[in-house]
Asks: 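Mind looking over this structure? Questions follow.
Whatever order the structure lists them in is the order used to number ligands and atoms, beginning at 1.
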Amino acid sequence: MSSTSIINKRLENFLLTRDKTKDLNCITQDLSDSAKNIANSFSDAQRSSPLFGKLFSVKDNINIKGYSTTCASDILKNHKSIYSATVISRIEKSGGIIVAKTNLDEFGMGSSNEYSIYGACKNPINNEYVPGGSSGGSATSVASNLVDISLGSDTGGSVRQPASFCGIYGLKPTYGRISRYGLTAFASSFDQIGILSKELKDLTTTFECIAGYDKFDNTTSKKSVEKFNYSSSDTKKYVVGIPAEYMSDSIHLDVKNKMNKIIKFLKQNNFKIKNISLPLTKKCIGTYYILTTAEASSNLSRYDGVLYGNRVDSDEIVEMYKKTRTKNFGDEVKRRIILGTFILSSGYYDSYYNQALKVRRLIRNDFTNAFKEVDVLLTPTSPSPAFKIGEKNKNPVNMYLSDIFTVPMSLAGVPAMNVPIGASSEDLPIGLQLAANHFNENKIFSLARFIKDNF
Ligand code: GLN
């Protein structure tokens with residue numbers, strides 16, 4: 001088949017699947033028309049690139065020139081991007097075809113994809129359940145075969161947790177590994193663009209194409225991105241750490257059983273398993289919500305109806321700000337802006353913000369110490385499989401607790417990935433998380449590959 005007919009065939013398939021999966025509500029914008037034009041004028045270099053012909057969706061908080069970046073918020077509903085994120089140009093350069101933008105929790109704040117102006121996105125495995133969040137639309141678009149690969153963003157688990165709820169791979173890279181240029185900021189010292197896919201190979205190839213230094217994002221590292229070369233005998237030499245704090249009695253029985261099963265499997269394959277401790281695990285959720293709401297209150301101050309955002313007019317300027325922000329932000333976003341503003345206000349700054357920064361350093365030290373003894377950490381990605389739509393959205397703290405196992409790696413800035421590992425007794429996907437030291441994504445990929453081939 002010629003490369004042009006490959007492109008056309010895949011786009012046709014996309015349209016058919018799009019119509020069949022409409023009810024899942026995972027797409028916010030369909031880009032397939034312009035994708036067809038772009039892909040049909042690909043150069044020979046693009047046609048022989050590693051991502052050639054792969055279909056991509058992109059979370060609607062990442063800029064694509066000429067399209068809206070709504071962040072699932074009324075405040076940005078009419079906002080058109082005037083430039084593309086670095087990840088977008090790198091995907092196109094590598095022959096990838098971007099066909100859709102996907103649903104999310106407003107500004108990436110949430111764990112269920114229910115806090116969205118487009119309404120809840122649904123889990124493709126069972127439509128009564130949430131797909132996870134905030135990159136719920138990305139996970140759903142992959143799990144329902146609309147696209148091969150999706151880009152999401154992960155501040156505290158937003159790629160890994162939905163990947164786990166939908167039964168696919170989901171990587172949050174090392175902080176600084178993938179450019180954030182063109183990603184709408186939520187909490188800048190945590191935010192990372194991540195990759196979701198059904199096939200491990202698609203994820204590792206995408207990683208190789210988009211990771212690495214970018215002059216437009218000065219938090220990206222200049223470290224080179226090493227090619228992923230798998231060797232099962234080298235992988236078997238890894239020491240795998242099991243942190244005691246992630247195996248508590250409060251996790252869902254089916255998740256715990258899967259953990260035990262995989263530990264047994266690794267032992268049978270002569271991996272060295274080491275029981276370790278990450279003592280500050282219980283401080284992670286509190287520390288995360290202090291730091292991320294503080295950063296969010298500052299990052300979201302630009303949406304005031306003047307610099308950015310849909311304005312609600314008023315004769316008086318302070319009234320105009322108030323009305324604009326009251327009408328156009330959702331409840332969860334407002335909750336976080338108010339909390340973050342309080343945390344940063346004089347008199348409280350030292351006791352909350354500065355204190356949380358110090359705890360973050362100690363949490364990072366926990367991980368540094370652990371990685372002196374082990375190559376990879378193995379944990380559940382989420383304490384339970386997907387929950388029902390409406391089950392947690394009335395109780396914010398309950399919702400926050402669903403990130404208990406993903407937030408620590410975000411505080412430490414280390415890479416972590418969800419690996420799909422089967423299903424619960426109710427046929428809902430279960431995922432395990434692999435984490436490694438900074439810039440050791442390849443160790444995660446290697447162990448994931450070993451599990452995929454042999455488990
Ligand atoms: N669910 C977490 C939160 O609400 C993580 C979100 C994210 O990673 N963007 O903050």
Asks: State the atoms of ligand 1, each with its element, that fall below the 4.0 Å cut-off from a heavy-atom position in Ser134.
Replies: 9 (N)
Asks: Quick one: which ligand 1 atoms are inside 4.0 Å of a heavy atom on Phe186?
Replies: 9 (N), 10 (O)
Asks: Less than 4.0 Å is my threshold; does some heavy atom of Asp154 fall inside it relative to ligand 1?
Replies: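 Within the 4.0 Å threshold, so yes.
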Asks: Considering only the protein, which heavy-atom contact is closest to atom 5 (C) of ligand 1, and what is its distance?
Replies: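 Sorting protein heavy atoms by distance from atom 5 (C) of ligand 1 puts Tyr288 OH, 3.3 Å first.
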Asks: With the threshold set at 4.0 Å, does a side-chain nitrogen-carboxylate oxygen contact exist between Arg177 and Glu441?
Replies: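 Salt bridge: no.
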Asks: Looking only at distances, please establish whether an N/O atom of ligand 1 is found under 3.5 Å from an N/O atom of Gly133.
Replies: no
Asks: Give a yes/no verdict on whether any heavy atom in Arg336 is under 4.0 Å from an atom of ligand 1.
Replies: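 Within the 4.0 Å threshold, so yes.
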Asks: Side chains of Tyr115 and Asp331, heavy atoms from C-beta outward: is any pair under 4.5 Å?
Replies: no
Asks: Checking the N or O distance criterion of under 3.5 Å, is ligand 1 in contact with Met109?
Replies: no
Asks: Measure the distances from the heavy atoms of Tyr289 to every atom of ligand 1 and state whether one is below 4.0 angstrom.
Replies: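 So Tyr289 counts as touching ligand 1.
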Asks: Got a donor-acceptor contact below 3.5 angstrom from the Thr28 side chain to the Lys101 backbone?
Replies: yes
Asks: Looking only at heavy atoms, is any part of Phe107 under 4.0 Å from ligand 1, and if so is it the side chain, the backbone, or both, or is it neither?
Replies: neither
Asks: Examine the proximity of ligand 1 to Tyr400 and report which part, side chain or backbone, both or neither, has a heavy atom under 4.0 Å away.
Replies: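 Neither part.
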Asks: Quick check: Gly108 and ligand 1, any N/O pair under 3.5 Å apart?
Replies: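 Yes, since at least one N or O of Gly108 sits under 3.5 Å from an N or O of ligand 1.
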Asks: Could you label the plane-to-plane angle of the Phe107 and Tyr303 rings as parallel, tilted or perpendicular, counting under 30° as parallel and over 60° as perpendicular?
Replies: tilted
Asks: Do Val130 and Asn123 come within less than 4.5 Å of each other through their side chains, counting heavy atoms only?
Replies: no
Asks: Do Gln355 and Asp350 have side chains that get closer than 4.5 Å, going by heavy atoms?
Replies: no
Asks: Please say whether the positively charged group of Arg360, taken as NZ for Lys or CZ for Arg, lies over the ring of Phe190, i.e. under 6.0 angstrom from the six-membered ring centre and within 45 degrees of the axis.
Replies: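 Yes, Arg360 lies over the aromatic ring of Phe190.
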Asks: Considering heavy atoms of the protein only, find what lies nearest to atom 2 (C) of ligand 1 and give residue, atom and distance to 0.1 Å.
Replies: Asp403 OD2, 3.1 Å
Asks: Among Leu200, Thr205, Asn442, Leu203, find the residue that satisfies the side chain to side chain contact (heavy atoms under 4.5 Å, CB included) test when tested with Phe228.
Replies: Asn442
Asks: Check each heavy atom of Ser158 against ligand 1 and say whether those closer than 4.0 Å belong to the side chain, the backbone, both or neither.
Replies: both
Asks: Could you tell me whether Thr155 approaches ligand 1 through its side chain, its backbone, both or neither, with non-hydrogen atoms closer than 4.0 Å?
Replies: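 The answer is both.
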Asks: Do Ser116 and Leu104 touch side chain to side chain, with heavy atoms closer than 4.5 Å?
Replies: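 Not in contact.
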